Amino acid sequence: QVQLVESGGGLVQAGGSLRLSCAGSGWTYRRNAMGWFRQAPGKEREFVASIGWSGGTTSYANSMKGRFTISRDNARSTMYLQMNSLKPEDTAVYYCAARRYMFVGTDAYDYWGQGTQVTVAS
C-alpha cells in the first residue's frame, strides 16, 4: 500500500523558514518523480515544485523560485521542501505527491499525502 506522510508544517512569522518532509512507503520510491503542491482556503490546488527520480532535476513554480528548495533522499525514501523568506500568501495546506513518471512535471501525480498546514503570520 502506497503511503505518503508529510510533516514539518506549523506557524511561522513572515520572513521565517520551515522545512517540510514527506516520507514514502509501499513502493520503490526511487523510481518516481515527486512533487509538492499547496492549496490555500478558497483557492485551487497549485503546483509548488517537482524533483526527478534521482534528485538531479528540479522544477519550481515561478513564485517559489529562489525561496523554496526541493530535495530528496532516496535512501530514506523522503523528500523535503525548504521554504525561506515566507510570506503570508504562502499560507496553505502543503501536499506531497508521487508522479507516474520518473521525470519532473506538473501533472500525472497518482499518490498523495494527507497534507500539512503552513501558516505565515504577518
Side-chain angles (χ1 to χ4, degrees):
Q1 180 182 355
V2 174
Q3 191 171 18
L4 294 169
V5 179
E6 302 97 336
S7 61
L11 173 65
V12 64
Q13 294 294 316
S17 298
L18 280 175
R19 188 175 85 151
L20 306 183
S21 299
C22 171
S25 62
W27 88 104
T28 306
Y29 182 85
R30 65 181 181 275
R31 291 182 178 175
N32 296 80
M34 299 290 293
W36 288 98
F37 292 76
R38 70 185 187 185
Q39 187 166 21
K43 295 187 177 181
E44 294 187 353
R45 185 171 62 197
E46 64 172 339
F47 171 77
V48 172
S50 179
I51 187 165
W53 68 277
S54 70
T57 306
T58 58
S59 175
Y60 296 90
N62 287 336
S63 61
M64 288 71 164
K65 287 181 180 178
R67 299 191 299 125
F68 291 8
T69 302
I70 189 172
S71 61
R72 65 190 293 166
D73 182 345
N74 286 344
R76 298 178 183 271
S77 298
T78 302
M79 176 178 64
Y80 305 97
L81 184 68
Q82 177 67 43
M83 305 185 294
N84 298 328
S85 302
L86 283 163
K87 307 174 183 179
E89 51 263 44
D90 293 318
T91 295
V93 177
Y94 284 71
Y95 298 90
C96 70
R99 195 167 191 250
R100 193 177 307 159
Y101 309 115
M102 298 174 67
F103 305 106
V104 299
T106 60
D107 62 357
Y109 286 84
D110 291 332
Y111 300 104
W112 296 81
Q114 82 289 349
T116 186
Q117 177 70 47
V118 171
T119 302
V120 184
S122 57

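As the structure is a prediction and not an experimental result, all values here were calculated from the model.
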Any pair counted as ring pair (Phe, Tyr, Trp, His ring centres under 6.0 Å), so long as it reaches residues 79-98, sequence neighbours left out
none
With distance as the sole test, does R67 use its side chain to make a donor-acceptor pair with the main-chain N or O of S63 at under 3.5 Å?
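Indeed, once roles are kept as given, a pair shorter than 3.5 Å links the two residues.
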Are the side chain of T116 and the backbone N or O of G9 linked by a donor-acceptor pair below 3.5 Å?
yes
Those residues that, when tested against W27, pass side-chain hydrogen bond (donor to acceptor under 3.5 Å, both in side chains) (two or more places apart):
N32
Partner set under side-chain hydrogen bond (donor to acceptor under 3.5 Å, both in side chains) for T58, not counting sequence neighbours
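Checked T58 against side-chain hydrogen bond (donor to acceptor under 3.5 Å, both in side chains); zero matches.
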Is it the case that the side chains of S50 and Y109 hold a donor-acceptor pair, with the cut-off being a distance below 3.5 Å and no angle test?
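The criterion, which ignores hydrogens and geometry beyond distance, is satisfied for S50 and Y109.
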Any side-chain donor near an acceptor of the partner, D73 and T78, under 3.5 Å
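Looking only at side-chain atoms, T78 and D73 do not form any donor-acceptor pair under 3.5 Å.
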For [X] against [Y], the heavy-atom pair lying closest together:
| X | Y | result |
| --- | --- | --- |
| L4 | Q114 | O-OE1, 3.5 Å |
| A14 | S122 | CB-CA, 4.3 Å |
| R99 | A108 | CG-O, 3.3 Å |
| V104 | A33 | N-CB, 4.2 Å |
| S85 | D90 | O-OD2, 4.4 Å |

Between T91 and E89, does the side chain to side chain contact (heavy atoms under 4.5 Å, CB included) criterion hold? Intermediate values first, please.
CA-CA 5 Å; T91 295; E89 51 263 44; over 6 Å; no
Counterpart residues, salt bridge (charged side-chain N to carboxylate O under 4.0 Å, His left out), relative to E46 (two or more places apart):
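Expected list: R38.
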Salt bridge (charged side-chain N to carboxylate O under 4.0 Å, His left out) partners for R30, two or more places apart
none
Point-to-point distance, once rounded to the nearest 0.5 Å, from [atom1] of [X] to [atom2] of [Y]:
| X | Y | atom1 | atom2 | result |
| --- | --- | --- | --- | --- |
| F68 | L86 | CZ | CG | 5.5 Å |
| R76 | S21 | CZ | OG | 10.5 Å |
| C96 | I51 | SG | CD1 | 12.5 Å |

Which pairs, with at least one residue in residues 6-29 and sequence neighbours excluded, count as a salt bridge (charged side-chain N to carboxylate O under 4.0 Å, His left out)?
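Sorted pair list comes back empty.
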List the steps and the verdict of side chain to side chain contact (heavy atoms under 4.5 Å, CB included) for N74 and Y29.
CA-CA 7 Å; N74 286 344; Y29 182 85; 3.3 Å; yes
Hydrophobic clustering (ILVMFWY, side-chain heavy atoms < 4.5 Å, transitive) - are F37 and M64 grouped together?
no
Side-chain contact, heavy-atom cut-off 4.5 Å: [X] with [Y]?
| X | Y | value |
| --- | --- | --- |
| V12 | T119 | no |
| C22 | W36 | yes |
| M83 | L20 | yes |

CZ (F47) with more than 12 external heavy atoms under 6.0 Å:
yes
W112 six-ring face occupied by R45 cation (under 6.0 Å, within 45°):
yes
Test side chain to side chain contact (heavy atoms under 4.5 Å, CB included) on M34 and I70 and set out the steps.
CA-CA 10 Å; M34 299 290 293; I70 189 172; 5.7 Å; no
